[in-house]
Participant: 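Take this structure, written in structure tokens, and hold onto it; I'll ask about it next.
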Protein chains: 2
Amino acid sequence: MQPDVTRLVFMKPRLREHTVTTWARLVRTETTLIDQVQKALKAAKLPPLGWYDVLLELKRAPGGELRQYEIGAQTLLTKYNLSRLVDRLQREGLVERHACAEDGRGNLVRITTAGTELLQRMWPVYGAVLEQQFERRLSVDDLLALENILQKLE
Amino acid sequence: MQPDVTRLVFMKPRLREHTVTTWARLVRTETTLIDQVQKALKAAKLPPLGWYDVLLELKRAPGGELRQYEIGAQTLLTKYNLSRLVDRLQREGLVERHACAEDGRGNLVRITTAGTELLQRMWPVYGAVLEQQFERRLSVDDLLALENILQKLE
DNA sequence: CACATCCGGTTGCATCTACAACTATTAGGG
DNA sequence: CCCTAATAGTTGTAGATGCAACCGGATGTG
């Protein structure tokens, strides 16, 4: 008698009782928090979170510049997505694109003073939400426990 | 001497040492997991996660039907977004729209047999990723701790 | 019951994202 | 060195999302 492949395919993966609900809660909580940040930024007439992420990566980098693929690796943005995002940032004068000496294919993206200024205007808004919706609600132990758990998921 | 408003606006919110890094890790981990699910679904030539969420809500509802705004409340989708998503589901024969007797403005969305079947085809793929990337990596205690922490963030 | 307001839902339009195809350059193997 | 393959980045096009304006139908207040 052959194994019934059909049943295998349709069989529910056996997951622990609370796994799915916790997963759902994780997704729900995270997206809600992100939404709150986005809303706060919009209310303050500031650009979306993606801009912040890219600018921050650049700001942190030595010389304030990175290759595009380096930004992509950090921010989980796809290359085509990033290409156009950098276009927008460039159009607003927040970054500059320079030819890359070592690699003729790529370019270096550098943050401008205007970019740094924008970062400084965005952080208070972003940070305020983080403070109220995230830090405020967690004890130091919670934070450590959460970090420990997240680490296991990477 | 007047208070220096400028300094206040530019002042960094005071966050605990690990708050920001943990937050970053949370976002990163969650989006990575979601990406993995999406990739798995795409590899199996199945529709995106959003379809699953809506269909599941309907499936769980008594009679397999819900008002659109009820779906929206559960899934955190905006109403215009949902309006068009239901259009797509309807076009594929996965749901039906019916006029609502009690409220002449709205409509009832009901899942079809095809919709239920799709759910059953999607779950194994979704669940497999959850099992390997989520459940497998966490102890029962981890899961409880995580649930406890997430609860505080809601 | 008349009126303004609110609410569920849809739609036009602009923006953004996904996918695949493309260019140009670098890297690797015989 | 040459040829192939891999990599960095861009772009055309289609699909999805966000915003604001809109259309009824419901609700509340005088």
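Since we're looking at a predicted model, the values are computed, not measured. So that the names make sense, note that chain A is the first sequence line, chain B the second, and so on, each numbered from 1.
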Participant: Is there any protein nitrogen or oxygen under 3.5 Å from a nitrogen or oxygen in nucleotides 12-16 of chain D, and what are the pairs?
Facilitator:
from, atom 1, to, atom 2, distance (Å)
D/dG12, N7, A/Arg84, NH2, 3.0
D/dG12, O6, A/Arg84, NH1, 3.0
D/dG12, O6, A/Arg84, NH2, 3.3

Participant: Using atom CG of B/Asp87 as one end and atom P of D/dT17 as the other, report the distance to the nearest whole Å.
Facilitator: 12 Å
Participant: Does any N or O donor sit under 3.5 Å from an N or O acceptor when you compare the side chain of A/Arg105 with the base of C/dT26?
Facilitator: no
Participant: Quick one: do the B/Glu96 and B/Thr112 side chains pair a donor with an acceptor below 3.5 Å?
Facilitator: no
Participant: How close or far is atom P of D/dG18 from atom CG of B/Leu82, stated in whole angstroms?
Facilitator: 12 Å
Participant: Heavy atoms, side chains only, cut-off 4.5 Å: are A/Val95 and A/Val54 in contact?
Facilitator: no
Participant: Compare the minimum distances between each of C/dG9, D/dA8, D/dG25 and the side chain of B/Arg67, then state the nucleotide with the smallest one.
Facilitator: C/dG9
Participant: Might you confirm whether atom NZ of B/Lys152 has over 12 heavy atoms from other residues, nucleotides or ligands at distances under 6.0 Å?
Facilitator: yes
Participant: Among the nucleotides C/dG9, D/dG18, D/dG25, which one has an atom lying closest to any side-chain atom of B/Gln68?
Facilitator: C/dG9
Participant: Pick one: which of B/Leu143, B/Asn148, B/Leu138 meets side-chain contact (heavy atoms from CB on, under 4.5 Å) with A/Thr22?
Facilitator: B/Leu143
Participant: Using a 4.5 Å cut-off on heavy atoms from C-beta on, say whether the side chain of A/Glu30 contacts that of B/Val27.
Facilitator: yes
Participant: Do the side chains of B/Arg67 and B/Asp103 get nearer than 4.5 Å, heavy atoms only?
Facilitator: yes
Participant: Could you check B/Ser83 against A/Leu85 and say which one's nearest nucleotide on DNA chain C is further toward the 5' end?
Facilitator: B/Ser83
Participant: Nearest-Å distance, NZ (A/Lys39) to P (D/dG18)?
Facilitator: 12 Å
Participant: Let me know the distance between CD of B/Glu102 and C1' of D/dT27, rounded to the nearest Å.
Facilitator: 16 Å
Participant: What is the distance, to the nearest angstrom, from the CG atom on B/Asp103 to the P atom on C/dC6?
Facilitator: 17 Å
Participant: Does D/dG18 have OP1 or OP2 sitting under 4.0 Å from an N or O in the side chain of A/Gln38?
Facilitator: no
Participant: Using a heavy-atom cut-off of under 4.0 Å over every strand shown, decide if A/Asn107 touches base, sugar-phosphate, or nothing.
Facilitator: sugar-phosphate
Participant: Assess the residue pair A/Asp35 and A/Thr32 against the criterion (side-chain hydrogen bond (donor to acceptor under 3.5 Å, both in side chains)); give the C-alpha distance rounded to whole Å, side-chain angles, the decisive distance to 0.1 Å, and a yes or no.
Facilitator: CA-CA 5 Å; A/Asp35 278 2; A/Thr32 304; 5.9 Å; no
Participant: Measure CG/B/Leu108 against C1'/C/dG8 and give the value in whole Å, please.
Facilitator: 12 Å
Participant: What integer distance in Å separates A/Lys79:NZ from C/dA21:C1'?
Facilitator: 10 Å
Participant: Whole angstrom is fine here: how far is it from CG in A/Leu49 over to P in D/dG18?
Facilitator: 14 Å
